[in-house]
Amino acid sequence: MGLLDEKVAVVTGAGRGVGRAEALAMAKEGAKVVVNDLGGVMEGSEDRSTVADQVVDEIKAMGGQAAANYSDVSTLEGVDSMIWTALNKFGGLDIMVNNAGILRDKTLLNMSEMDWEMVQKVHAKGTFLGTRAAARVMKTQGRGGVIVNTTSMSGMMGNFGQSNYSFAKAGVYGFTKTAAMELGRYSIRVHAVCPNAYTRMTADLPALKGFTEEMLNPAVIAPLVIFLASDLSKDLTGRVILAHGGTIGVKVSEFKMTMAKGFNKKDGLPTAKEIAENIDQVLIPDPDLDIPAAFRFA
Ligand code: NAI
């Protein structure tokens with residue numbers, strides 16, 4: 001018995017890296033998986049490779065069920081096409097994993113409008129279109145569903161050279177919280193995972209220097225996605241959870257934008273001087289933050 005028996009899932013950007021591992025693991029748990037990937041180069045343009053086909057072949061070779069889809073998550077037609085593949089081949093949709101992503105890293109002063117827009121298009125618009133299309137189908141089916149978005153520590157804590165990407169990924173955090181509130185009435189649960197893995201996307205980042213794929217294994221996110229997509233977490237929604245590690249050890253932990261105890265004043269507006277005098281209460285003390293080593297940027 002698999003944890004996802006009888007479920008139909010779409011995983012975007014599943015031809016490589018984190019998404020590939022998620023698709024393989026979900027198929028092992030019994031899900032019928034639409035493996036979406038346009039086979040793009042990392043900066044977002046198409047290279048028409050057949051990475052989605054390869055993952056479908058791997059799933060079929062282990063006795064699972066899968067279908068490939070090569071469309072672009074950042075277009076309405078693309079998202080409609082992958083949902084249609086799920087309905088047409090497998091008769092429904094229960095799980096949508098919005099994972100596809102690109103990077104166009106530049107420092108803010110050197111960032112072009114195209115670098116900015118491409119990243120918003122794939123991460124922000126792609127997540128919106130994928131969530132909306134999946135939720136509409138799930139609402140009509142009337143049996144609930146699960147949507148798992150993909151955010152990044154870059155969005156939650158910032159990362160040098162990634163202002164476009166951190167903007168989009170911070171948006172995924174807030175979007176996930178709002179979507180969970182709105183879709184709960186249809187029994188649709190919405191979460192986001194926050195990977196930190198050695199993939200094509202991250203291999204050259206200074207923060208991952210000295211790490212290998214075994215140390216930061218992209219497959220470490222898959223068990224978390226299965227947990228969130230299965231009945232094991234049927235009472236949870238709106239959670240943003242990080243998974244990180246491999247041979248260096250593994251960490252799975254919720255990420256929450258939170259508030260410090262604060263400087264609270266009842267009698268009128270504070271002066272700037274009072275804020276300075278009470279800065280220890282205004283700020284969250286550093287020792288209270290538990291940040292994985294790979295995110296402790298110099
Ligand atoms: P990857 O580059 O190995 O895989 C991403 C896949 O998405 C590629 O196969 C690519 O062809 C596909 N893709 C890109 N644009 C697409 C589009 N418009 N439509 C359909 N497919 C498209 O990258 P990785 O590392 O597996 O990243 C997966 C997700 O995890 C991304 O959303 C990324 O931002 C996120 N992430 C990854 C981290 C990491 O440490 N690897 C850290 C934080 C977030």
K.L.:
Quick one: closest heavy-atom pair of S81 and S71, and the distance?
P.N.:
OG-OG, 3.7 Å
K.L.:
Within a reach of under 6.0 Å around CD of E6, are more than 12 heavy atoms found that belong to other residues, nucleotides or ligands?
P.N.:
no
K.L.:
Kindly say whether L93 contributes a backbone atom to a donor-acceptor pair with the side chain of Q141 at under 3.5 angstrom?
P.N.:
yes
K.L.:
How far apart are the closest heavy atoms of M62 and A27, and which atoms are they?
P.N.:
CE-CB, 3.8 Å
K.L.:
Would you confirm whether Q120, through its side chain, and N164, through its main-chain N or O, come within 3.5 Å as a donor-acceptor pair?
P.N.:
yes
K.L.:
Looking at every heavy atom in both V18 and P218, which two are closest together, and how far apart are they?
P.N.:
N-CB, 4.0 Å
K.L.:
Would you say N98 and N149 are linked by a side-chain donor-acceptor pair, where the criterion is simply a distance under 3.5 Å?
P.N.:
yes
K.L.:
Is there a donor-acceptor contact under 3.5 Å linking the side chains of D115 and S112?
P.N.:
yes
K.L.:
Is it the case that over 12 heavy atoms from other parts of the model lie below 6.0 angstrom from the CD atom of E254?
P.N.:
yes
K.L.:
Return yes if some donor-acceptor pair links the side-chain N/O of E274 with the main-chain N/O of T271 below 3.5 Å, else return no.
P.N.:
yes
K.L.:
Please give me the minimum heavy-atom distance between V56 and A66, naming the atom from each residue.
P.N.:
CG1-O, 3.8 Å
K.L.:
Quick one: does any side-chain atom of R189 pair with a main-chain N or O of V148 as donor and acceptor, under 3.5 Å?
P.N.:
no
K.L.:
Any idea which heavy atoms bring T150 and V172 closest together, and the distance?
P.N.:
O-CG1, 3.7 Å
K.L.:
Where do V122 and G101 come nearest, in terms of heavy atoms and distance?
P.N.:
CG1-CA, 4.0 Å
K.L.:
For K121 and K125, indicate whether the former's side chain and the latter's backbone hold a donor-acceptor pair under 3.5 Å.
P.N.:
no
K.L.:
Under the side-chain contact (heavy atoms from CB on, under 4.5 Å) test, which residues partner T247, sequence neighbours left out?
P.N.:
E214, M215
K.L.:
With a 6.0 Å cut-off (strictly less than), is the heavy-atom count around CZ of F167, excluding the residue itself, greater than 12?
P.N.:
no
K.L.:
Any carboxylate oxygen within less than 4.0 angstrom of a Lys/Arg side-chain nitrogen, looking at E58 and R20?
P.N.:
yes
K.L.:
Please check if the number of heavy atoms outside K177 that lie under 6.0 Å from its NZ is greater than 12.
P.N.:
yes
K.L.:
Tell me if a side-chain donor or acceptor on T237 pairs with a main-chain N or O of V190 at a distance below 3.5 Å.
P.N.:
yes
K.L.:
Check the pair I188 / V146 against side chain to side chain contact (heavy atoms under 4.5 Å, CB included), numbers first and verdict last.
P.N.:
CA-CA 5 Å; I188 300 169; V146 181; over 6 Å; no
K.L.:
Nearest 0.5 Å, please: how far is CG in N217 from OH in Y198?
P.N.:
12.5 Å
K.L.:
So does L3 get a backbone contact from the side chain of E29, meaning a donor-acceptor N/O pair under 3.5 Å?
P.N.:
yes
K.L.:
Taking N99 for the side chain and G13 for the main chain, is one N or O donor matched with an acceptor at less than 3.5 Å?
P.N.:
yes
K.L.:
Is the count of non-hydrogen atoms from other residues, nucleotides or ligands lying under 6.0 Å from K265 atom NZ greater than 12?
P.N.:
yes
K.L.:
Is a side-chain donor or acceptor of H123 paired with a backbone partner of Y165 at a separation under 3.5 angstrom?
P.N.:
no
K.L.:
Look at atom CE of M257 and say whether more than 12 heavy atoms of other residues, nucleotides or ligands are closer to it than 6.0 Å.
P.N.:
yes
K.L.:
Between N110 and T107, is there a side-chain donor-acceptor contact under 3.5 Å, judged purely by atom types and distance?
P.N.:
yes
K.L.:
For R239 and S233, run side chain to side chain donor-acceptor pair (under 3.5 Å): C-alpha distance rounded to whole Å, both residues' side-chain angles, the deciding distance at 0.1 Å, then the answer.
P.N.:
CA-CA 11 Å; R239 301 302 172 127; S233 65; over 6 Å; no
K.L.:
Check whether any side-chain N or O of D94 sits under 3.5 Å from a backbone N or O of V8 as a donor-acceptor pair, and report yes or no.
P.N.:
yes
